[in-house]
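Note: hydrogens, waters and symmetry copies are ignored here, and every other heavy atom, side chains too, is used.
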Amino acid sequence: MTQATVVAAIQAVGEAIIAQKQFLTDLDAAIGDADHGINMARGFEQVIAKLSAATNEIGATLKLVGMTLISTVGGASGPLYGTAFLRAAAASQGKTNLDRHTAQAMFAAAVNGIKERGKATSGDKTMLDALEPALAAFADAIAAGKSLPACLDAACTAAYGGVEYTKTIPAAKGRASYLGERSIGHQDPGATSSYLMLKALADFCRQTKLDWE
Amino acid sequence: MTQATVVAAIQAVGEAIIAQKQFLTDLDAAIGDADHGINMARGFEQVIAKLSAATNEIGATLKLVGMTLISTVGGASGPLYGTAFLRAAAASQGKTNLDRHTAQAMFAAAVNGIKERGKATSGDKTMLDALEPALAAFADAIAAGKSLPACLDAACTAAYGGVEYTKTIPAAKGRASYLGERSIGHQDPGATSSYLMLKALADFCRQTKLDWE
Amino acid sequence: MKKIINSPDQVVDEMLQGMVCAHPQYVRRLPGLSVLVRANAPQPKVALVSGGGSGHEPSHGGYVGRGMLDAAVAGAVFTSPTPDQVYEAIKAVNGGKGVLLVIKNYTGDLLNFEMAAEMAAADGIEVEKVIVNDDVAVENSTWTTGRRGIAGTVFVHKIAGAKAESGAQLAEVKQIAEKVIANARSMGIALSPCTVPAAGKPSFTLAENEMEIGMGIHGEPGTHRAPIEPADKIVEHLLDKVLADLNPASGDEVAVMVNGLGGTPLMELYIVSRKVFNVLQAHGLNIVKTYVGNYMTSLEMAGFSVTLLKLDGELKTLLLAPADTPALVQF
Amino acid sequence: MKKIINSPDQVVDEMLQGMVCAHPQYVRRLPGLSVLVRANAPQPKVALVSGGGSGHEPSHGGYVGRGMLDAAVAGAVFTSPTPDQVYEAIKAVNGGKGVLLVIKNYTGDLLNFEMAAEMAAADGIEVEKVIVNDDVAVENSTWTTGRRGIAGTVFVHKIAGAKAESGAQLAEVKQIAEKVIANARSMGIALSPCTVPAAGKPSFTLAENEMEIGMGIHGEPGTHRAPIEPADKIVEHLLDKVLADLNPASGDEVAVMVNGLGGTPLMELYIVSRKVFNVLQAHGLNIVKTYVGNYMTSLEMAGFSVTLLKLDGELKTLLLAPADTPALVQF
Ligand SMILES: Nc1ncnc2c1ncn2[C@@H]1O[C@H](COP(=O)(O)OP(=O)(O)O)[C@@H](O)[C@H]1O
Ligand SMILES: Nc1ncnc2c1ncn2[C@@H]1O[C@H](COP(=O)(O)OP(=O)(O)O)[C@@H](O)[C@H]1O
Ligand SMILES: [Mg+2]
Ligand SMILES: [Mg+2]
Ligand SMILES: [Mg+2]
Ligand SMILES: [Mg+2]
């Protein structure tokens, strides 16, 4: 993946989130404060507007995305997703083309950043319930020598499973935790946006016929 | 009409107003502030509660009614109806039995009191549009030598006509006047309560087979 | 009807109890009456008595205290208090220098306060009255009852209250109150109705896209209905009417009140304030002070009114004078 | 959605403009930011910075002024402000004696304010933080995020603000803020939802006879729903929880806040105040001061919360100290 591809991929991810603004907001209305889609869409609108200013270094581009999300999304998701992109940026420092090992390191750094900042773990009914299984599946697929689209598909399937899993548990972190047992039966908005972002990335790679080089 | 009859008549009038609380309030909702029935019912509940304490002088009883309405109804209708009863009381001063001339003088004094206090005239879309024609019809019927129920029926018919007339004109006095032309098409709540009081009095006289003595 | 009450019959009594419980340093209640007086009334000064139907809170009990009212008489919801209550209020706060009644221009208020004034005058108490009629939605006319009194009343309380507090005589306090009335104009709109507790249902209905223009503060209908417009457009419309009637000159000093009707978020009132400021500035007016909040409400009605008060040196000094009451404190 | 706004995207910006237009003597805005600071900031004192999502007006901008906050940072509606905004606020009001951040206990607020604190600390600015968590509706627990911060935050602003105004050091101001937090407990209910302008529809629905108990101030659902009860019963229920958690002793002095959520008439808040007073009196508590009004709202939501603050001599003196801000003035 080159810099130009990264920019296009982020644009695709952003558009997917903006398209699901209402859906994500409705999910948040059920167990939170009805703003997750609004927050994320506001952030990615700014990201897309700023992408043209991106330099030709992948790390700098991802840092721009992280900083923009941090300064425009607000709420819990802003610092968390923002931190994720900043960490991914750091893990890709100096790269102009992404190989499978860098990609895995970036994904791992991103998930780790979210864990450090938010102090949540799997089973707390957060975005981590989508991201951690997705990361594991992604790593497994890479280890199994799969293609990029196949690796991302594996990540998506795992993330989707994580979203489904969030329906079955009470929230222990974030605003939904105030609901206690009443949050059971609802899927987590942040887990859902994580899944949607991975899904958009996978779709983008398939459509543009990208693969590991 | 003796003191006991007057007490019973006022009770009947009060019960009729209380029974129409919602109707009068709804009329006021359309062109006023949705309280005429509530105000009048509150007043007559107190009147009925105090009637047992009435002395055996008709004037004193009517004064008690007037004072009670003034101190419990509030709004525009309280001072107006209260003044009406006070003036009727004055006009019946010292009487223990009401003849047709006293009755006519009382009715005239009551209507005059409302005119003096409220500075309205016929055609302003107020209770006067029911009461002034009712008073004229009552006087005509007396002059024609009619029975008490017949005199009151004549008053009621005229008052009803007055209520219907209020539907056709804009209000120039009271809260409904703020509506200007928009008040046309609605009957005046105060005119309606005046008609209902006369109607209750007529029904009472007919049921108890009262007539001039 | 969704209300946090115990019983529709008890709302006024329990509210008055609550006000005394919450603000004993400011107000006490005349036993057995719906009257709040200054905790240490009577004062050796001209006394101000105001009041009206309940449902306009913090009007009027919220303005009882130093630099504003000496007594507030509370009627049933949206119903003028009765003369006997007003009469007791007058007697309780008369400190020997006379009493000024501040009456909003509604037939019921006028009739009841006037009867009370007659009763007090018969006792030898000097009583004067002023009639507030700031609502330009309702045209003045010789054959109707004239304009209604709405939020501009708060400016009358503030300024006449400061004058009375300064030791002025009854005639002077009355005169300044009349000057406020002559220079205050208001107009409002509503987005939703309110429900009188005893009635149990809204006094009118508005469609999802409708607003009522020139709304009164008693749930009585306004002058007309129109589709909801952006805040800026609504403000322009209201200020057109207010400015046309008040006709201030460029360079004039004014005070502003952006008043919520009870159910409007403060966020929206500030959005309104922004446009009010811009329009007045474009007219060359000099805004000395702006009040934003719920000052004269209609239960839970959503909507607002804008009041403009043209100031001169004297009005400005008295407006800016200190006040210490439950609902309006200023240094 | 019936709102007096121009565009859902502009509500926060236009509200902040309106606040500056209305209260230039109190606040100014940091250019290009959603930050209100004291008109004459920085002060040579410890600076207090608070904030959070918008929609809680007068929180937080309404408390910027003498004796309370030095800056308020406004996020989008119900969404924590971003770290860069908080960082600019910290820099603007730091008068050299350090800055205390007052944060309500929500993940979003915590994360954003903490990132800002890290940024300011990197500049060499002394920054401390306190986390308000007064809402007893949500049980504390090691494995969840703990209690939420609601109206008790206003007491933190008032008391820590008075302490800072007195010239105290950062550690002392932080300590007194933590003492307020340790002694403040709140709980609320809602009768109707509110609508986030950008969402365009209510964030939940309640049946005509239902209320939501333990409602949060962001339209987030409470602990459970129940049929509406009389005001006195609701108050008993809320105070049961608050008193059980705070556990004050007979004879203790307390302050009370009966806080409207935005759409509740003041009449109802006073009916609530009456019962709160009676219950607290029956517990032998000594009520030093009662605040009744809209202090920490949820847009146009109907409902209220009750906050109890247990006082000691120091807290009492600071609570009663003067304050002069757009939304809270006291002599
Ligand atoms: N501590 C945390 N760690 C990881 N994710 C979290 C944490 N707290 C909240 N989240 C995620 O954030 C999402 C909510 O984001 P959003 O609605 O934008 O913010 P807010 O809750 O402040 O309104 C939740 O659905 C959850 O997935
Ligand atoms: N000046 C007046 N003279 C005679 N009747 C009046 C006058 N003003 C109002 N009314 C009557 O009072 C009625 C309204 O009474 P009510 O609703 O109890 O008082 P309010 O208008 O103060 O709420 C009107 O329908 C009208 O008949
Ligand atoms: Mg949210
Ligand atoms: Mg009426
Ligand atoms: Mg009335
Ligand atoms: Mg949020």
Across all chains, not counting sequence neighbours, the side chain to side chain contact (heavy atoms under 4.5 Å, CB included) partners of C:A255 are C:F155, C:L309, C:L311, C:L319
In Å, rounded to the nearest 0.5 Å, how long is the span from NZ of C:K2 to OG of D:S192?
6.5 Å
Of all heavy-atom pairs linking C:P322 and D:F331, the shortest is CB-CZ, 4.0 Å
Please set out all donor-acceptor pairs under 3.5 angstrom arising from side-chain atoms of residues 299-307 of chain C, sequence neighbours excluded.
from   : atom 1 : to     : atom 2 : distance (Å)
C:E300 : OE1    : C:K3   : NZ     : 3.0
C:E300 : OE2    : C:K3   : NZ     : 3.2
C:E300 : OE2    : C:T195 : N      : 3.0
C:S305 : OG     : C:N259 : ND2    : 3.3
C:T307 : OG1    : C:S186 : OG     : 2.6

Close aromatic pair by centroid cut-off 6.0 Å: C:Y270 and D:H23:
yes
Choice from D:G62, D:A231, D:G18 maximising heavy atom contacts with chain C below 4.5 Å
D:A231
Name, in order of residue number, those residues of residues 205-218 of chain D that have a heavy atom at a distance of less than 4.5 Å from a heavy atom in chain C; otherwise write 'none'.
D:L206, D:A207, D:E208, D:N209, D:E210
Please round to the nearest 0.5 Å and tell me the distance separating atom CD of C:E14 and atom CD of D:E268.
11.5 Å
Do you know which of C:I4, C:T290, C:I271 has the most heavy-atom pairs under 4.5 Å to chain D?
C:I4
For chain D, which candidate among C:V256, C:N278, C:V20, C:L191 shows the most heavy-atom pairs at distances under 4.5 Å?
C:L191
Could you look at D:V272 and say if it's the side chain, the backbone, both or neither that has a heavy atom under 4.5 Å from chain C?
side chain
Please identify, among D:S7, D:C194, D:P265, the residue contributing the most non-hydrogen atom pairs under 4.5 Å to chain C.
D:P265
If every non-hydrogen atom of D:R274 is compared with every non-hydrogen atom of C:C21, which pair is closest and at what distance?
CA-SG, 4.3 Å
Ranked by heavy-atom pairs below 4.5 Å to chain D, first place among C:V12, C:D232, C:L16 goes to C:D232
Which portion of D:A74 sits near chain C, non-hydrogen atoms under 4.5 angstrom
neither
Heavy-atom pairs under 4.5 Å with chain C are the metric here; pick the option from D:Q330, D:E57, D:K275, D:K233 that has the most.
D:E57
Is there side-chain contact between D:Q25 and C:K289, with heavy atoms separated by less than 4.5 Å?
yes
For C:K316, the side-chain hydrogen bond (donor to acceptor under 3.5 Å, both in side chains) test, sequence neighbours excluded, returns C:E253
When the 4.5 angstrom heavy-atom criterion is applied to D:V77 and chain C, the contacting part is side chain
With respect to chain D, which residue among C:N6, C:L266, C:V329 yields the maximal number of heavy-atom pairs within a distance under 4.5 Å?
C:N6
Given the options C:I228, C:I234, C:T297, which has more heavy-atom pairs under 4.5 Å with chain D than any of the others?
C:I228
